[in-house]
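I have placed the structure first, in the form of structure tokens, so that the comments after it can refer back to it.
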Amino acid sequence: MLPLSLMEIPKTYDPKQAEERHYARWEREGCFAPEINEDPNAPVYSIVIPPPNVTGSLHMGHALQHTIMDVLTRYHRMKGHRTLWLPGMDHAGISTQIMVERQLKKEGASRHDLGREKFVERVWRWKEQYGGQILKQMRREGASVDWSRERFTMDEHLSRAVREFFVRCYDEGLIYRGPGMISWCPKDQTALSDLEVDKESQAGKLYYLQYPSKGGERRVTVATTRPETMLGDTAVAVNPSDERYADLVGQTLLLPIVNREIPVVADDFVDPEFGTGAVKVTPAHDPADYAMGQRHNLPMVKVIDQNARMTAEAGAEFDGLDRYEARERVVQKFEELGLLEKVVDYEFAITKCGRCRTVIEPLVSTQWFLKQAELGRAPLELIREKHEPRFVPEAPYEKVYTDWLEKLYDWTLSRQLWWGHRIPAWYDEAGRVFVARTEEEARAKAGTDNLRQDPDVLDTWFSSALWPISTLGWPDEDSPDLKTFYPTSVLVTARDIIFLWVSRMMMTGMKFTGEKAFDDVFITGTIFDRAGQRMSKTKGNGVDPLDVFDKYGVDATRLVLASIGSTDTRWNDNQVESYRNFANKIWNAARFCLLNSEGAQVGRGFEGDSKTWALHDRWIVSRLNRTARDVGRAVEEYQFHEAVYALYHFFWDDFCDWYIELSKSEVTAPDSSPARDAARSRVLTVLEQALRLLHPFMPFITEELWQRLPGVGTDLLHSAYRQADVTPTVMLAAFPRADESLIDERAEAEMRSLIELISRVRNIRTEVMIRPNQRVDLLVETTDGQLLAFETKKQIQRLAGAENVWEKSREQWPRASAVAVLSGGRAVAVPLEGLIDFAQERARITREIEKSEKELQKLEAQLANPQFVERAPAEKVEELRQRAADIRQRTVALKQMLEALGE
RNA sequence: AGCCGGUUAGCUCAGUCAGGCCAGAGCGCCAGUCUUACAAACUGGAUGUCGAAGGUUCAAAUCCUUCACCGGCUACCA
């Protein structure tokens, strides 16, 4: 390989240039597909992406989740696992339908003008044209997903899975159709499950209304936030133990305005402490009242319709009024009747549609429901008994999940939409229902062709609940992918999705395969803006990941996101900037290595018995193996910030600041020699290993640099990929395995001493204001007759700016010297004659002495405490004694120095 | 209302589960430097009564109790 000139490698890393080049090649050459692994015995690692909305575009939360998933995927791939990360999207029923309806509206049409079939076609066209932005953006992130397995919840296969799920549950009686209290969105005109609505605290009023008894001899006051619903009241309830109302139970009241006779019932639900202790009961328009209505067999009077307008049953005066207009009218009427006791300010929770924020109207309506409680039993047992899946972090999510599974209620499945999986139920003319996988099957069951399919579609989450199995081939139970990749290794998602995805995926997975859907569940943190506010589109305070990529590069952004992991964090550009700088550091370190790579090759230079190597070589290999061990362990424990920390400090501090510096004179020797080439190879080899360690986190820069290293090729790939027909790539190189035998505590300790010595001398130079380019002489105390190695001396000269390094006993030092006492007790001195102002040096030493004495005092106080000496572990006591001795020795030395400098 | 989390340097966060390395990192700050890869760098430096008050312990950022502030989740208090 020809030597590279300075011109060929720019001084600054340009992320965009690298990012554009590598992703396309990885994808083209099939590096993301598990099939690239040709080891039949390879362990399997699989992740299915929690499907983002087809309408969605990338936000920080996604970028965070994707980074975590990609780090895990790339790490395990490099470990030689048969690795699959499966991408895809869900069809987002309501959002997508709204999106397309809005488009139609601009054209002056509605979906009803088009008709169902044409409308659905139109949605598909929309999807092809605008949908799935997020998948394109994932390429930018470097996400190593297997695009050949991309799935969409409306795909034919996944739709078949949905029908199968529905039919089986129906046959087992888990799915039923019937009336129930549901959350209705008057704007979107559909039923919603409780997970699609949000509770919001709101300032409102509490109205105290008086209901006279039938004979008029008494009035009962009830409190309500929704006076308009009184038109549908069919009872008043009190607590059975409430003596104030004991005589009223069983009596009849006359509902004002409508003049309906309603009973007073006793029910434990009523809290005597709240309001007046008497509650109006509107079974048709309130979930709690509905339940009470069931208990007491109360009639239901429907006074509000699906448009949130009053019905004829509310009375002619109110018929057709909006619910809020009706509220004012009712209150006004009560005032006129003299039955409005009072109105007080009151803060209460209001329920809104998760999509459009319209206030939900609770309604009784006929819908399809799933008895989740029965499906939830198996996952509940699993989490209670085996703590599976394993939640990371365990607290508080395992509990959140368990609590949820403990109180499952029926899930409203049907949606009054056109975009989605149509409910596989058909009705004959008599209204009898036939649930079947196909219309043909339904006809056979019904014995007639004259059937009409249920017009509703299923909740989008119904299909997402099947995602881990349906994307892998279920209901084909012998699907190879299902057999190979299920159960998946981990689900990575945000915490607000634990109920929507995690628990339901577990339910369906266990129901149909008997096995959990994933081994682990990693819950990411939430990213806030700088002010600590949740990022949201409406607030416009979101940080667009693509902007961050543009500004700092994808790799730097990924490093920040990986460090965030499961922690809630306020977004801060500084952090990205510092990792951008880190990327640049990597670039320039590699630049140095490459500019000095003639005659060198990756993988060479560390031959022979490690005991014969130079100290800094033993040290860097030890550090490298330690880092490999720490990073691997951290990734496997989902402690990504620890992995990033270890990588950052290994690369910058150990490799750049010390190893390269210590190797520099050899590496940059002007003439070719075996020693020079070996040194060059060693530096390259360490760099190459470091790039592998960094790759899961920083895929682009590592690939960009790895490709340029002399001597990289197929032989560096993990054995599972050596037969693959691909351009050698770091993403298929083996992730470095830590060799414990090369972790050399002694070398690390020796290097620590050397580093300390050099740092202390540098510190002295600054403190006594010696010019940076002024060479000094160094005196190093000889202890136990141990002399410094010739190499080490030369390194000290280079790195501490020393002209000469003399080893002499302390008595031989000139009196006027700046001295530092190192941890082991050994002292080092810089003779100052002619260099500096003695007064300054005296001041410096005095400060040092003060510091030492303060520390010593602390230690002595502790050691003087008999209880400490008695009860603390002996090693701990010994450790402190040793430290105290060191400090005493240091103080003595410093005092001698001070004396030597004269007063 | 119940449950849960957070509060550590000017900023963003580690460290707390398994108590003991004079409490850490990055950014920022101060001083100096173009020292043959890198000024997005190099060298050195300063910075915290670990939210408050009690308690347990030889020893507490870490364990216990109470409180304050911030945030979240759950809930059929109308």
Side-chain angles (χ1 to χ4, degrees), chain A residues 6 9 11-13 181 199 206 222-226 229 237 269-271 273-282 286-292 346 348-349 362 393-397 399-400 403-404 407 495-496 498 526 528 530 532 534 552 556 560 563-564 567-575 577-596 639 641-642 645 648-649 656-657 660-661 664 668 759 762-767 769 771-773 798-799 801 851 854-856 858-859 862 865-873 875-877 879-880 883 887:
Chain A
L6 283 163
I9 311 175
K11 284 175 117 175
T12 309
Y13 170 55
M181 175 61 65
K199 294 228 165 156
L206 192 58
V222 295
T224 179
T225 54
R226 298 195 61 191
T229 62
F269 158 74
V270 181
D271 176 5
E273 305 293 317
F274 187 87
T276 61
V279 189
K280 61 191 274 312
V281 184
T282 324
D286 182 278
D289 293 2
Y290 178 76
M292 225 178 326
Y346 184 64
F348 64 105
E394 185 185 314
Y397 302 117
K399 185 171 171 348
V400 168
D403 288 352
W404 171 256
K407 43 179 181 174
R495 69 172 136 255
D496 48 353
I498 290 176
T526 307
F528 301 96
R530 286 209 68 151
R534 192 176 278 275
Y552 300 104
V560 174
S563 320
I564 287 173
T567 313
D568 288 355
T569 303
R570 300 183 183 203
W571 185 260
N572 189 344
D573 269 6
N574 288 340
Q575 198 72 38
E577 197 181 330
S578 92
Y579 287 133
R580 191 260 326 250
N581 295 353
F582 179 52
N584 197 232
K585 188 73 182 178
I586 296 171
W587 180 260
N588 276 291
R591 184 167 180 265
F592 171 81
C593 298
L594 290 169
L595 292 174
N596 294 289
Q639 300 297 312
H641 63 279
E642 285 179 7
Y645 182 94
Y648 186 96
H649 290 283
C656 293
D657 287 352
I660 288 184
E661 292 305 328
K664 215 170 222 174
T668 58
S759 301
R762 285 171 173 172
N763 169 244
I764 288 175
R765 298 180 56 111
T766 307
E767 292 269 339
M769 293 170 58
R771 308 290 304 167
N773 50 3
R798 258 185 58 80
L799 297 180
K851 228 169 121 182
K854 216 167 125 189
E855 197 186 336
L856 189 59
K858 250 171 129 171
L859 286 171
Q862 200 169 355
N865 181 347
Q867 277 142 331
F868 170 72
V869 180
E870 275 167 36
R871 298 194 204 179
E875 317 88 80
K876 187 58 65 181
V877 177
E879 190 186 315
L880 288 199
R883 216 158 78 208
I887 295 169

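Throughout, protein chains are lettered first and strands after them, A, B, ... in sequence-line order, and every chain is numbered starting at 1. For the numbers below, each heavy atom of this structure counts, side chains included, while hydrogens, waters and symmetry mates do not. All figures in this text were calculated on a predicted structure; none of them were measured in a lab.
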Categorize [X] for me: base, sugar-phosphate, or nothing, with a 4.0 angstrom heavy-atom threshold over every strand shown.
X        : answer
A/Asn763 : sugar-phosphate
A/Arg226 : nothing
A/Pro396 : sugar-phosphate
A/Glu661 : base
A/Asp568 : sugar-phosphate
A/Thr668 : nothing
A/Ala291 : nothing
A/Val279 : base
A/Asn773 : nothing
A/Pro873 : base

Among [options], the nucleotide that comes nearest once only the side chain of [X] is considered:
X        : options                : value
A/Gln862 : B/rA37, B/rG20, B/rU33 : B/rG20
A/Gln575 : B/rU12, B/rG32, B/rA78 : B/rU12
A/Arg798 : B/rG20, B/rU43, B/rU36 : B/rU36
A/Arg495 : B/rG72, B/rC13, B/rG20 : B/rG72
A/Ala589 : B/rA37, B/rA78, B/rA25 : B/rA37
A/Cys656 : B/rG20, B/rA37, B/rG26 : B/rA37
A/Lys858 : B/rC22, B/rC27, B/rG44 : B/rC22
A/Thr569 : B/rG44, B/rU12, B/rC27 : B/rU12
A/Asn584 : B/rU12, B/rA40, B/rA78 : B/rA40
A/Asn572 : B/rU12, B/rA14, B/rG20 : B/rU12

Between [N] and [M], how far apart are the two [atom1] atoms, rounded to whole Å?
N      : M      : atom1 : value
B/rA25 : B/rG45 : P     : 12 Å
B/rC17 : B/rG5  : P     : 14 Å
B/rA61 : B/rA52 : P     : 11 Å
B/rA37 : B/rC27 : P     : 22 Å
B/rA46 : B/rG51 : C1'   : 25 Å
B/rU7  : B/rC67 : C1'   : 14 Å
B/rC21 : B/rG26 : C1'   : 22 Å
B/rG2  : B/rU12 : P     : 31 Å

If we ignore angles and hydrogens, is there a donor and acceptor under 3.5 Å between the side chains of A/Arg495 and A/Thr526? yes

Give a yes/no on whether any side-chain N or O of [X] is located under 4.0 angstrom from OP1 or OP2 of [N].
X        : N      : answer
A/Tyr346 : B/rA78 : yes
A/Thr567 : B/rA14 : yes
A/Lys664 : B/rA37 : yes
A/Arg883 : B/rC22 : yes
A/Lys407 : B/rC76 : no
A/Asn581 : B/rA41 : yes
A/Lys11  : B/rC38 : yes
A/Arg580 : B/rA40 : no

Using both distances under 3.5 Å as the test, list the Watson-Crick or G-U wobble partner of [N], or none.
N      : answer
B/rC22 : none
B/rA9  : none
B/rU47 : none
B/rA52 : B/rU66
B/rG71 : B/rC4
B/rA40 : none

Could you tell me whether A/Tyr552 and A/Tyr579 have their ring centroids closer than 6.0 angstrom? no

Aromatic contact between A/Tyr645 and A/His641, with the criterion being ring centroids under 6.0 Å apart: yes or no? no

Side chain to side chain contact (heavy atoms under 4.5 Å, CB included) evaluation trace for A/Arg530 with A/Asp573: CA-CA 9 Å; A/Arg530 286 209 68 151; A/Asp573 269 6; over 6 Å; no

Rounded to the Å, how far apart are [X] [atom1] and [N] [atom2]?
X        : N      : atom1 : atom2 : value
A/Asn596 : B/rU36 : CG    : C1'   : 9 Å
A/Glu273 : B/rA78 : CD    : C1'   : 14 Å
A/Arg591 : B/rC38 : CZ    : C1'   : 7 Å
A/Phe348 : B/rU74 : CZ    : C1'   : 19 Å
A/Leu595 : B/rU36 : CG    : C1'   : 11 Å
A/Glu577 : B/rC11 : CD    : P     : 18 Å
A/Tyr645 : B/rC13 : OH    : C1'   : 12 Å

A/Lys407/A/Asp403 salt bridge by N-O under 4.0 Å criterion: no

Report yes or no: is the cationic atom of A/Lys664 (NZ for Lys, CZ for Arg) closer than 6.0 Å to the six-membered ring centre of A/Phe592, at no more than 45° off its axis? yes

Could you measure the distance from the [atom1] atom of [X] to the [atom2] atom of [Y]? Nearest 0.5 Å is fine.
X        : Y        : atom1 : atom2 : value
A/Arg580 : A/Asn574 : CZ    : CG    : 11.0 Å
A/Ile498 : A/Tyr397 : CD1   : OH    : 6.5 Å
A/Leu880 : A/Lys858 : CG    : NZ    : 11.5 Å

List in chain and number order the residues that pass ring pair (Phe, Tyr, Trp, His ring centres under 6.0 Å) with A/Tyr13, two or more places apart in sequence or in another chain; answer none if no residue qualifies. A/Trp587

Want to settle it: does A/Ile660 or A/Ala288 sit nearer the 5' end of RNA chain B, counting the closest nucleotide to each? A/Ile660

